[in-house]
Amino acid sequence: MWIAHSADGMPVEAARHLQQDAYRCPMCAAPVILKRGQKIAAHFAHAPDSDCLASESESWRHLMAKQILVDQLTRPGWGAQAEVAHPRYGRRVDVGLKTRGPNGALMYFAVEIQDSAIQVDTMKDRIARDRRIGYDATVWLFTSHRAAALMAAAPDHEVRVPDEMLWVSNRYGQGVQVIDPERRELWTASFGSIVRPGESHEWYTPEGDLTGVDYPGRTLRKTKSVGRRQAGFVPELRAGKFGDRWSLVFTAP
């Protein structure tokens, strides 16, 4: 984790220059240790036998992506905070955003960063919790590591797209957003359908009758063509789908 509470209860960010102290987890209040090796991003860690939801190990890409989003999304009219803890709901949001909506009321968005595979049912559960907490929408970003096949695909290549990315693309209708922590870039990947044409096979029976079978054409469900365009770190409100009043997409300035 990137954020912990200091001895006086204030949130602090892990950093190489930070001194060792009695830090505690915002989710479970258990002691955590500041780790800041030369080859790893500075972070706080639970004891090995911890069962806290926030004790799951995170890659340096995940930690760096959170830092980049907070840096880039803290702008006039928007507020960004990393690792917003909601212990009552067993939920810790990677990055929380807030802004004023069209009617002037405050709006809150949960941003989730995926650097590894995730089950679609787990995503649905997190969205349901976010609604109970009070978030207006949940935004999903995939790292360039998790979406490596999408980022490397040529326009005429066929790519087998992971289920969670297909689900995000279908649910929100905005493609898939990819963050590259090393280059500090955001990209949008979109998917095109691939159709296998039908085939007909004919043969003669032993009796000399002409027969055969027709195989209809079909659209592949998981294999797609991929298009990419560079986006930016400007959050833009859009109309939601499937019961969501709002959605959020990152665009170029």
Next on the checklist: Salt bridge or not between R61 and E182? Use side-chain N to carboxylate O under 4.0 Å.
Outcome noted: no

Checklist entry - Do W167 and V178 belong together in a cluster built from hydrophobic side chains that touch within less than 4.5 Å? => result yes

Next on the checklist: Below 30° counts as parallel, above 60° as perpendicular, anything between as tilted: where do the rings of Y135 and H86 land?
Outcome noted: perpendicular

Checklist entry - Do M151 and L186 belong to the same hydrophobic cluster, where Ile, Leu, Val, Met, Phe, Trp and Tyr are linked whenever their side-chain heavy atoms lie under 4.5 Å apart, directly or via other members? => result no

Next on the checklist: Strictly distance-based, threshold 3.5 Å: is any side-chain N or O of R126 a donor or acceptor partner for the main-chain N or O of D121?
Outcome noted: no

Checklist entry - If you measure from the Lys or Arg side-chain nitrogens to the Asp or Glu carboxylate oxygens, is any gap between K222 and E158 under 4.0 Å? => result no

Checklist entry - Where the side chain of R228 meets the backbone of L150, is there a donor-acceptor pair that is under 3.5 Å apart? => result yes

Item to check | Min side-chain heavy-atom separation T188-V176 under 4.5 Å | outcome: no

Item to check | Closest non-hydrogen atom pair between T219 and V195, with its separation | outcome: OG1-CG2, 3.7 Å

Checklist entry - Got P102 and L237 here, is their nearest side-chain heavy-atom distance under 4.5 Å? => result yes

Item to check | Min side-chain heavy-atom separation V249-V139 under 4.5 Å | outcome: no

Item to check | ring-ring contact (aromatic ring centres under 6.0 Å, His included) contacts in which one or both residues fall within residues 137-159, not counting sequence neighbours | outcome: none

Next on the checklist: Quick check: closest heavy atoms across N103 and A105, and the distance to 0.1 Å?
Outcome noted: OD1-N, 3.0 Å

Item to check | Side chain to side chain, E185 and W187, heavy atoms closer than 4.5 Å | outcome: yes

Item to check | Stepwise ring-ring contact (aromatic ring centres under 6.0 Å, His included) check, F250 with F233 | outcome: CA-CA 6 Å; F250 297 108; F233 292 93; 7.3 Å; no

Checklist entry - Any side-chain heavy atom of W246 sitting closer than 4.5 Å to one from M107? => result yes

Item to check | D136 side chain vs F109 backbone, donor-acceptor pair below 3.5 Å | outcome: no

Checklist outcome for this item: Interatomic distance, CD@Q177 vs CG@L248, rounded to 0.5 Å, equals 8.5 Å

Next on the checklist: Just to verify, what does S59 make a side chain to side chain donor-acceptor pair (under 3.5 Å) with, not counting sequence neighbours?
Outcome noted: D115

Item to check | Partner of Q174 under side chain to side chain donor-acceptor pair (under 3.5 Å), chosen from S190, S169, S247 | outcome: S247

Item to check | Side-chain donor or acceptor of S144 paired with backbone N/O of A148 under 3.5 Å | outcome: no

Item to check | Heavy-atom side-chain proximity of R184 to M64 below 4.5 angstrom | outcome: no

Next on the checklist: Between T74 (side chain only) and V70 (backbone N and O only), is there a donor and an acceptor less than 3.5 Å apart?
Outcome noted: yes

Checklist entry - When W78 is tested against each of V234, L97, L73 for side-chain contact (heavy atoms from CB on, under 4.5 Å), which residue passes? => result L97

Next on the checklist: Would you say that V93 contacts Q81 through its side chain, given a criterion of any heavy-atom pair below 4.5 Å between the two side chains?
Outcome noted: no

Next on the checklist: Is the shortest side-chain heavy-atom distance between L69 and I113 below 4.5 Å?
Outcome noted: yes

Next on the checklist: As a test of understanding, state which of R146, R92, R129, R91 forms a salt bridge (charged side-chain N to carboxylate O under 4.0 Å, His left out) with E112.
Outcome noted: R91

Checklist entry - Looking only at atom types and distance, does a side-chain atom of E207 sit under 3.5 Å from a main-chain N or O of D209, one as donor and one as acceptor? => result no

Item to check | Taking every non-hydrogen atom, the tightest pair across A117 and E164 | outcome: CA-OE2, 3.6 Å

Item to check | Flag, side chain of E83 to backbone of I3, donor-acceptor distance under 3.5 Å | outcome: yes

Item to check | Heavy-atom pair of closest approach, residues I68 and P181 | outcome: CD1-O, 3.3 Å

Next on the checklist: Test of understanding: clusters of I, L, V, M, F, W, Y form through side-chain heavy atoms closer than 4.5 Å, transitively. Do I118 and V161 belong to the same one?
Outcome noted: yes

Next on the checklist: Are V120 and V168 linked, directly or through intermediate hydrophobic residues, by side-chain heavy-atom contacts shorter than 4.5 Å (ILVMFWY only)?
Outcome noted: yes

Checklist outcome for this item: Nearest heavy-atom approach of R24 to A29 is NH1-O, 2.7 Å

Next on the checklist: I'd like to know if the side chain of T99 and the backbone of G77 have a donor-acceptor N/O pair within less than 3.5 Å.
Outcome noted: yes

